[in-house]
Amino acid sequence: MIRTEGLGRSIGLKKTLVFYSGKAPKGVRSSWIMNEYRLPHHDTQRYHKVIYLHNPSIPADKNYGSKRRD
């Protein structure tokens, strides 16, 4: 859950996914991470999604994020 600082009210969701090479359960963890942020659309029950794919071992200006709307 993503919460406001003052009131602690829920304003969205964050999901973190880590990429592995190979198959479970013997896969090798890579350094690539995908963060998915979901923010509710006020007119409907649907969410806006923002996807950010990054590799902590690569400088921030070389990482790329993508935005997808669902």
Side-chain angles (χ1 to χ4, degrees):
M1 296 289 250
I2 300 172
R3 299 185 181 277
T4 59
E5 285 185 28
L7 302 173
R9 185 175 61 92
S10 174
I11 58 170
L13 302 169
K14 177 184 176 185
K15 184 188 291 186
T16 301
L17 302 162
V18 178
F19 290 91
Y20 286 79
S21 61
K23 294 186 177 184
K26 297 181 181 180
V28 177
R29 183 179 174 152
S30 75
S31 56
W32 286 96
I33 298 171
M34 183 172 72
N35 291 321
E36 176 183 289
Y37 298 90
R38 291 179 169 201
L39 303 173
H41 189 278
H42 297 292
D43 298 333
T44 67
Q45 294 298 318
R46 298 183 64 180
Y47 282 91
H48 292 291
K49 289 184 184 178
V50 176
I51 308 291
Y52 181 63
L53 177 64
H54 66 102
N55 183 332
S57 64
I58 298 175
D61 62 337
K62 302 293 183 193
N63 278 303
Y64 301 98
S66 66
K67 182 178 178 181
R68 185 178 84 201
R69 187 178 190 179
D70 286 343

Could you tell me which residues satisfy side-chain contact (heavy atoms from CB on, under 4.5 Å) with Ser21, sequence neighbours excluded, listed by chain and number?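 Listed in chain order: Val28.
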What residues, two or more places apart in sequence or in another chain, satisfy side chain to side chain donor-acceptor pair (under 3.5 Å) together with Arg38?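 Side chain to side chain donor-acceptor pair (under 3.5 Å) check on Arg38 returns Glu36.
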For Ser10, which residues count as a side chain to side chain donor-acceptor pair (under 3.5 Å) partner, sequence neighbours excluded?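 With sequence neighbours excluded, Ser10 shows a side chain to side chain donor-acceptor pair (under 3.5 Å) to no residue whatsoever.
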Looking only at heavy atoms, what is the nearest atom pair of Tyr37 and Ile2, with distance?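 Taking every non-hydrogen atom into account, CD2-CD1, 3.9 Å.
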Work out which heavy atom in Met1 is nearest to a heavy atom in Leu13; give both atom names and the distance.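 Heavy atoms only, the tightest pair is SD-CD2, 3.3 Å.
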Verdict with reasoning, Lys15 to Asn35, per side-chain contact (heavy atoms from CB on, under 4.5 Å): CA-CA 6 Å; Lys15 184 188 291 186; Asn35 291 321; over 6 Å; no
Do Tyr20 and Leu17 land in one hydrophobic cluster if side-chain heavy atoms of ILVMFWY residues count as linked below 4.5 Å?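 No, because Tyr20 and Leu17 fall into different hydrophobic clusters, even though each may have its own neighbours under 4.5 Å.
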Expected output: side-chain Thr4 to main-chain Arg9 donor-acceptor under 3.5 Å: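 Side chain of Thr4 to backbone of Arg9, a donor-acceptor pair under 3.5 Å: yes, one is there.
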